Student: 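I'd like to ask some things about the structure below.
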Amino acid sequence: MLVLVSDLHITDETAALNVNPEAFELLGAEVVDSAARRMAREIHLVLLGDVLDLVRSDYWHRRAVPMELRPWGGTLDRRTGMNQDRGAAESQFRAVLHGVLASRTARALRAMLATLAAGPVPLRVTYVIGNHDRVMWNFPSLRAAVQGAWPQVAEFAAVVESPAYGVLARHGHEWDETAHGWRFRREVLAPGDDLDRFDPESYEVMAIGEAVTAELVSGLVFHAREAGAPESLIERLKDVNNVRPLLDVFGWLEWIGDTRERAHRDLLHAALRRALDGFLETTLAREWDRLKPDTLVSGDLVDRLEQARSFLLGPRLEAFQGRLAWFDRLLRLTSPLRGTEDALASGARSERVFQAEPSTAGIERVIYGHTHRARHDFFSVSRDGATRMYVNTGTFLPLIGRAGDEHSFASALQMTMVFVYGSDEDTQGKRPGTTSLDIWNGTRRKLYA
């Protein structure tokens with residue numbers, strides 16, 4: 001039995017809210033029950049990327065690390081896009097990882113793994129590295145620390161391909177230009193470098209999304225806290241990580257600011273100004289901006305944030321709220337980045353395993369995470385029933401998205417997972433020699449006291 005979950009984003013909790021630890025009691029119980037009922041010969045748990053989050057942290061702000069020493073500052077290494085002071089970067093990420101692994105949520109996942117390993121069905125765990133944990137490719141010491149905390153993790157991988165289960169699984173960030181640095185390496189860091197999207201070296205390149213998360217998103221929370229924001233506002237701001245798509249964050253901030261008193265709105269606006277300044281100060285942002293021309297309609301993420309700094313953060317704070325709403329409307333009219341989630345579905349369709357003739361003995365399913373939106377799409381079905389499809393594993397975190405009125409935002413809790421059974425598992429009523437699939441997309445909408 002193959003079990004796939006992704007995008008748990010377990011953090012040190014300084015700038016984000018973690019998944020409730022009780023989620024792993026539910027997941028563990030479901031895995032044990034399914035293994036027993038479906039006569040599983042093994043449990044292969046695939047942690048499909050962004051399980052640990054090493055950039056959703058206020059570490060760099062709280063420790064006042066100089067920009068020239070931060071991983072996205074100083075002089076960039078032309079191979080990895082990170083600060084060429086590897087020792088400093090490794091030390092910083094190890095400190096963040098230590099805090100992440102000490103969290104209640106990480107300890108709960110550790111307990112679940114230990115329970116599964118002690119059970120009657122053999123357990124194997126593969127950790128697929130995504131984009132928020134990407135730096136584990138650069139520093140073996142980080143991978144060793146994870147295995148020290150979770151000894152059941154047998155291997156780290158970029159992809160899991162299993163004809164026995166009819167599955168090819170990646171994190172999926174390979175199709176998101178803001179989260180995968182392969183083009184940045186080819187076109188800016190080392191022009192002419194013939195690097196493939198799935199080349200092992202591509203996974204070592206830092207992408208702009210890491211700096212956005214650490215400097216802008218986490219920085220917003222830190223600066224608001226430093227300015228004396230009430231804890232209720234800080235806890236609300238920690239949800240900024242769950243807004244999808246990313247650039248809707250400006251509309252979301254306006255929406256939550258509408259219910260605040262003037263002093264709190266001004267504090268929030270000033271914190272955003274400082275966070276934007278910090279991001280735009282990074283070497284990575286300046287270098288990444290060379291990927292695309294700076295235009296209003298076709299600019300990249302860095303261009304959008306530069307425009308935000310220019311349009312929204314002028315000297316007259318009293319006009320800020322109206323400018324925020326205006327810029328949000330402009331983004332919705334012009335931004336090509338709003339649809340980046342859908343790029344994964346087209347990416348799945350182009351995977352090499354789908355370029356040959358369909359076969360029930362080959363790969364039938366491409367499974368990704370990354371977008372935080374659980375979904376499945378059927379690409380084709382042959383006359384003998386062989387089905388090619390794309391599945392997204394979603395997340396255990398809340399998903400915050402714009403409502404239909406184009407102004408307010410809705411949030412729903414999620415718990416999504418995928419179970420795949422081999423030909424000798426889940427055999428009741430199944431055509432001999434075929435695999436089977438369960439997709440669990442749980443959503444809860446509840447207002448808590």
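When a residue number appears, it is its place in the shown sequence, counting from 1. If you're wondering where the values come from, they're calculated on a predicted model, not measured in any experiment.
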Student: What is the minimum heavy-atom distance between Asn241 and Ala15, and which atoms define it?
Tutor: ND2-O, 3.2 Å

Student: Tell me yes or no: between the side chains of Ser141 and Glu90, is some donor less than 3.5 Å from an acceptor?
Tutor: yes

Student: With no hydrogens and no angle check, do the side chains of Glu155 and Thr126 hold a donor and an acceptor under 3.5 Å apart?
Tutor: yes

Student: Between Phe250 and Arg304, is there a cation-pi geometry (under 6.0 Å to ring centre, at most 45° from the normal)?
Tutor: no

Student: Answer yes or no: is there an ion pair linking Arg185 with Glu201, defined by an N-O contact shorter than 4.0 Å?
Tutor: yes

Student: If the threshold is 4.0 Å, N to carboxylate O, is there a salt bridge linking Arg78 and Glu287?
Tutor: yes

Student: State the CG-CG distance between Leu45 and Leu2, to the nearest 0.5 angstrom.
Tutor: 8.5 Å

Student: Just checking, any donor-acceptor pair under 3.5 angstrom between side chains of Glu174 and Tyr203?
Tutor: yes

Student: Using only heavy-atom distances, determine whether the side chains of Thr395 and His9 contain a donor-acceptor pair under 3.5 Å.
Tutor: no

Student: With a 4.5 Å limit on heavy-atom distance, are the side chains of Asn242 and Leu399 in contact?
Tutor: no

Student: Do the side chains of Asp77 and Arg86 get close enough for a salt bridge, i.e. N-O under 4.0 angstrom?
Tutor: no

Student: Asp50 and Asp133: which non-hydrogen atoms are nearest, and at how many Å?
Tutor: N-OD2, 3.0 Å

Student: What do you reckon, is CZ of Arg94 surrounded by more than 12 foreign heavy atoms closer than 6.0 Å?
Tutor: no

Student: Decide whether His132 and Asp53 meet the rule of one side-chain donor and one side-chain acceptor closer than 3.5 Å.
Tutor: yes

Student: Is a side-chain donor-acceptor pair under 3.5 Å present for Asp405 with Ser408?
Tutor: yes

Student: Between Asn83 and Thr75, is any side-chain donor less than 3.5 angstrom from a side-chain acceptor?
Tutor: no

Student: Nearest heavy-atom pair of Phe184 and Gly81: which atoms, and what distance?
Tutor: CE2-CA, 4.3 Å

Student: State, without any angle test, whether Ser57 and Asp12 hold a side-chain donor-acceptor pair at a distance under 3.5 Å.
Tutor: yes

Student: Between Glu351 and Arg170 (salt bridge meaning N to carboxylate O under 4.0 Å), is one present in this structure?
Tutor: yes

Student: Assess whether a salt bridge exists between Arg402 and Asp248, defined as any Lys/Arg side-chain N lying under 4.0 Å from an Asp/Glu carboxylate O.
Tutor: yes

Student: Aromatic contact between His223 and His61, with the criterion being ring centroids under 6.0 Å apart: yes or no?
Tutor: yes

Student: Taking all atoms of both residues into account, what is the closest heavy-atom pair of Gly369 and Asn392, and its distance?
Tutor: O-ND2, 2.8 Å

Student: I'd like to know if Asp199 and Arg197 make a salt bridge, using a cut-off of under 4.0 Å between side-chain N and carboxylate O.
Tutor: no

Student: Quick one: do the Tyr368 and Trp175 side chains pair a donor with an acceptor below 3.5 Å?
Tutor: yes

Student: Ion pair present between Lys238 and Glu13, side-chain N to carboxylate O less than 4.0 angstrom?
Tutor: no

Student: Scan side-chain atoms only and decide if Gln92 and Trp60 contain a donor-acceptor pair under the 3.5 Å cut-off.
Tutor: yes

Student: Does any donor atom in the side chain of Asp7 or His370 lie under 3.5 Å from an acceptor atom in the other side chain?
Tutor: no

